[in-house]
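To keep things clear, I will list the structure first and then write my remarks on it.
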Amino acid sequence: MYITDHLTQAVAAALTELYGISVDAATITLQETRREFAGDYTLVVFPYVKQARKSPETVAQEIGAHVAAHLAEVSGFNVVKGFLNFEIADSYWVRFLADTAADERFGLVVPAVDDAPVVVEYSSPNTNKPLHLGHVRNNLLGWSLSRLLEAAGANVKKVNLVNDRGIHICKSMLAWMRYGNGETPESTGIKGDHLVGKYYVEFDKHYKDEVKALMEKGMDEEQAKREAPLMVEAQQMLKRWEEGDKEVRALWEKMNGWVYAGFDETYHRLGVGFDKVYYESNTYLLGKELVQKGLDLGVLFRKEDGSVWCDLTADGLDQKLLLRRDGTSVYMTQDLGTALLRHNDFGAERLIYVVGNEQDYHFKVLKLILGKLGFSWADKVYHLSYGMVELPNGKMKSREGTVVDADDLIDEMEKTAEEMSREHGKNDELTDEERKHLYHILALGALKYFILKLDPTKKMLFNPAESIDFNGNTGPFIQYTHARIRSIVRRAGESGGLKNEEGSHAIELNDKERQVIKILHSLPTTVRQAAAAYSPALVANYAYDLAKAFNSFYQDTPILREVEPALKALRVNICISVANALRNTMDILGIEVPERM
């Protein structure tokens, strides 16, 4: 148990013995003492004053005296009005540090594989374009959330739903038929997902020309968009696909195959993966069966034109389309089918969808319809809604070709990492192969950390130049700190760190040592809080705070030059523990930390 657990139990015992107040220790909250006051942890006593029938100062004084008398780890306390500040003995911090240095997985919990899993869906790309910066945030957030939940003890299944059918896919297919002249990834040297994305842009360009021409002939814009020949043909192609037309299906399989190969390459470069991949083409039919079930139950209705809807006006929303009048399905149809399939596959404890906040309405509707269809597990569906990624020059639009491509972004980040590493002289002793690997992990570390350090719910403005700075709140700063620490530990050699039995009671910590150890001590709590909040940002900013505190300690405190053996061993322990904690927290973020730079 950690000192915070001992403290809450001791406070609960004091409340019972002093005032007859029965309190569950788990409900007692401690805060880290503010830096302007002496102490380590603060208890706010106001919630207990009324039952104790004494002033806040008196209650705080009496609880403090009782705890100090019964808990050896408390070296003192002070009272500021209704705030009780506990001071923890240096001997506790030294013992904790020795234990931490011996635990390479400090802060992480081994998942219980027999528990009902938490299913996390992320990526969910369309097979009509390559992955772009928006997909990068999605993939990194989904992967990191999965690692975070695992670190907190959950059994996690990472899944991907590929949107491999629909009108947008038919647009790329039709444009390739019209304007592609038989191009393939092999004949052009273009990555498959990029080649298909090229024809998605081509469709939009020619479609706009057709709409403009129709409007010049006197047609209003909505009618022109609906009756433009390319759009009509794309809709017909979608209907042929759903009817199983062999020619359309063969083209669909060929072009999707190009895209999957491209996606796999990008996923590998990003360092993400999945336990299972679902395809909309395999789930939409199950969704159609659920629509029929809804009609049979009377929770859905069919309009005169043959389309099927769900009336959600009583729930404060509107009517939601589930099947078009020609019988083709929409996104909601396949999401209903996928949710049921996924629940049946895993018996999930939670179904978490990592999807941008432009889909907030969609997931409200999904939960409501699942509930109306009689599925008791509908309330287990959770939408992790994250903010969009914007660039200094505005939003990205795939159909207009104004996106930041994920592959191009990684290439550019690696190039920048190389330039900055050379400028700082951080790779002189490495081989060419080691340098190449270093540039890659610095580039990915910069990209991932910049994206993940921000609260997922917030919109973000991505600035590549800021992300790769070796100073400040960046991935490379933390990576460099880890490499520096590993160098110190290697030079410490076999002398190692201080063990618990080696006179730890005699060591007095300075302020910088205590600050680093206290931040280390808060790692398990931070991981639990971050997992509960579905926020890898809490872990990212913890890593930065720890790296910053270590660097302050490093600048002011001799380590290998310390002549007192016990102090030197203690400081080596600090190095070992901080390196472990940085590696573990960055691993949650999907970031590799180098052993040397």
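No hydrogens, no waters, no symmetry mates; every other heavy atom, side chains included, goes into these values.
Under 3.5 Å, the side chains of Tyr199 and Asp204 contain no donor-acceptor pair of N or O atoms. Judged purely by distance below 3.5 Å, without hydrogens or angles, the side chains of Asn357 and His383 never pair a donor atom with an acceptor atom. Side chains of Glu592 and His440: a donor-acceptor N/O pair is absent below 3.5 angstrom, by distance only. Ser329 and Arg165 share a side-chain donor-acceptor pair at under 3.5 Å. Looking only at atom types and distance, the side chain of His206 has a donor-acceptor partner in the side chain of Glu202 under 3.5 Å away. Looking only at atom types and distance, the side chain of Thr328 has a donor-acceptor partner in the side chain of Arg324 under 3.5 Å away.
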Discussion item. Show, in sequence, the C-alpha distance, side-chain angles and deciding distance for Lys276 and Asn160, and conclude whether the side chain to side chain contact (heavy atoms under 4.5 Å, CB included) test is met.
Written reply: CA-CA 7 Å; Lys276 186 165 185 176; Asn160 184 5; over 6 Å; no
Worksheet item: What do the steps show when you test Lys191 against Asp407 for salt bridge (Lys or Arg N to Asp or Glu O under 4.0 Å), and what is the final call?
Response: CA-CA 10 Å; Lys191 195 162 167 273; Asp407 296 310; 2.7 Å; yes
Practice prompt. May I have the step-by-step check of side chain to side chain contact (heavy atoms under 4.5 Å, CB included) for His132 and Val136, ending in yes or no?
Written response: CA-CA 6 Å; His132 57 59; Val136 170; over 6 Å; no
Discussion item. I'd like to know whether Lys254 forms a side chain to side chain contact (heavy atoms under 4.5 Å, CB included) with Leu251, so could you lay out the CA-CA distance, the side-chain angles of the two residues, the decisive distance to 0.1 Å, and finally the verdict.
Written reply: CA-CA 5 Å; Lys254 176 168 68 175; Leu251 176 61; 4.1 Å; yes
Discussion item. Go through it in stages, so that I can follow the logic: the residues are Thr333 and Lys288, the test is side chain to side chain contact (heavy atoms under 4.5 Å, CB included), and I'd like the CA-CA distance, side-chain angles, deciding distance and then a yes or no.
Written reply: CA-CA 6 Å; Thr333 320; Lys288 282 189 168 185; 4.1 Å; yes
Worksheet item: So Tyr361 and Asp318, side-chain hydrogen bond (donor to acceptor under 3.5 Å, both in side chains) or not? Walk me through it.
Response: CA-CA 10 Å; Tyr361 169 80; Asp318 53 11; 2.3 Å; yes
Worksheet item: Hey, mind stepping through Glu418 and Lys436 against salt bridge (Lys or Arg N to Asp or Glu O under 4.0 Å) and telling me if it holds?
Response: CA-CA 8 Å; Glu418 178 177 358; Lys436 184 176 180 181; over 6 Å; no
Discussion item. Between Asn138 and Tyr386, does the side-chain hydrogen bond (donor to acceptor under 3.5 Å, both in side chains) criterion hold? Intermediate values first, please.
Written reply: CA-CA 8 Å; Asn138 181 293; Tyr386 64 87; 3.0 Å; yes
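The aromatic rings of His343 and Trp377 lie parallel to each other, their planes meeting at an angle below 30°, with 60° marking the opposite boundary. Under the 30°/60° scheme for interplanar angles, the aromatic rings of Tyr122 and Phe274 are found to be tilted. The aromatic rings of Trp241 and Trp252 sit perpendicular to each other, their planes meeting at more than 60°, with 30° as the lower class boundary.
Residue Cys310 holds its SG atom at 11.0 Å from CG of Leu321, rounded to the nearest 0.5 Å. To the nearest 0.5 Å, the span separating CD1 on Ile451 from OG on Ser144 amounts to 11.0 Å. Rounding to the nearest 0.5 Å places OG of Ser307 at 10.0 Å from CG of Leu322. From Ile591, atom CD1 reaches atom CG of Leu452 across 6.5 Å, with rounding to the nearest 0.5 Å. Note that NE2 of His135 and CG of Asp405 are 10.5 Å apart. Values are rounded to the nearest 0.5 Å. Taken to the nearest 0.5 Å, the NZ atom of Lys205 stands 15.5 Å off from the OH atom of Tyr200.
The shortest side-chain heavy-atom distance between Glu419 and Lys415 falls under the 4.5 Å cut-off. By the 4.5 Å heavy-atom criterion applied to side chains, Leu141 and Pro536 are counted as neighbours. Contact of the Leu442 side chain with the Leu438 side chain is registered, since non-hydrogen atoms from C-beta on lie closer than 4.5 Å. Residues Val365 and Met332 form a side-chain contact, since some pair of their non-hydrogen atoms from C-beta on lies under 4.5 Å apart. Taking the side chain as every heavy atom from C-beta outward, Leu108 and Ile588 approach each other to under 4.5 Å.
Tyr353 and Tyr382 have their aromatic ring centers separated by at least 6.0 angstrom. Between Tyr279 and Tyr260, a ring centre-to-centre spacing shorter than 6.0 Å is recorded.
Within the cation-pi definition used here (under 6.0 Å to the ring centroid, within 45° of the axis), Lys453 does not qualify as a partner of Tyr542. Relative to the six-membered ring of Trp309, Lys303 meets both conditions, a distance below 6.0 Å and an angle of at most 45° to the axis.
Residue Val156 forms a side-chain contact (heavy atoms from CB on, under 4.5 Å) with just one option from Val119, Val120, Leu148, Asp115, and that option is Val120. Just one residue in the list Asp164, Asn163, Asp193, Asn256 forms a side-chain hydrogen bond (donor to acceptor under 3.5 Å, both in side chains) with Thr127, and that residue is Asn256.
For the pair Glu242 and Lys239, the salt-bridge criterion is not met [side-chain N within less than 4.0 Å of a carboxylate O]. Residues Lys158 and Asp275 are paired through a salt bridge, judged by an N-O separation under 4.0 Å between the basic side chain and the carboxylate. Using a cutoff of 4.0 Å between basic side-chain nitrogens and carboxylate oxygens, Arg226 and Glu222 are not scored as salt-bridged. Note on Asp264 versus Arg269: no salt bridge recorded, every NZ/NE/NH1/NH2 to OD/OE distance being 4.0 Å or above. A salt bridge links Lys372 with Asp315; the closest basic N to acidic carboxylate O contact falls under 4.0 Å. Taking 4.0 Å as the cut-off between side-chain N and carboxylate O, Asp432 and Arg435 count as a salt-bridged pair.
Taking each heavy atom of Ala154 and Val118 in turn, the nearest pair found is CB-CG2, 4.2 Å.
More than 12 heavy atoms of other shown residues, nucleotides or ligands fall within 6.0 angstrom of atom CZ in Arg249. Other residues, nucleotides and ligands contribute over 12 non-hydrogen atoms within 6.0 Å of the CD atom of Glu186. More than 12 heavy atoms of other shown residues, nucleotides or ligands fall within 6.0 angstrom of atom CD in Glu358. For Lys293, the NZ atom counts as densely surrounded, since its 6.0 Å shell holds more than 12 non-hydrogen atoms of other residues, nucleotides or ligands. Under a cut-off of 6.0 angstrom, the local environment of CG in Asn181 is sparse, with at most 12 non-hydrogen atoms contributed by other residues, nucleotides or ligands.
Lys367 places a side-chain N or O within donor-acceptor distance of the main-chain N or O of Val381, the cut-off being under 3.5 Å. One N or O on the side chain of Lys448 and one on the backbone of Gly590 form a donor-acceptor pair closer than 3.5 Å. The backbone N or O of His362 lies less than 3.5 Å from no partner atom in the side chain of Tyr331, so there is not a single donor-acceptor pair. Listed for the Ser535 side chain is no donor-acceptor partner under 3.5 Å among the backbone atoms of Ala531. Side chain of Gln479 to main chain of Ile441: a donor-acceptor pair is present (N/O by atom type, distance under 3.5 Å, no hydrogens or angles). No side-chain donor-acceptor contact under 3.5 Å links Ser187 to the backbone of Glu183.
For Asn473, the side chain to side chain donor-acceptor pair (under 3.5 Å) test picks out Tyr449, Asn541, with sequence neighbours left out.
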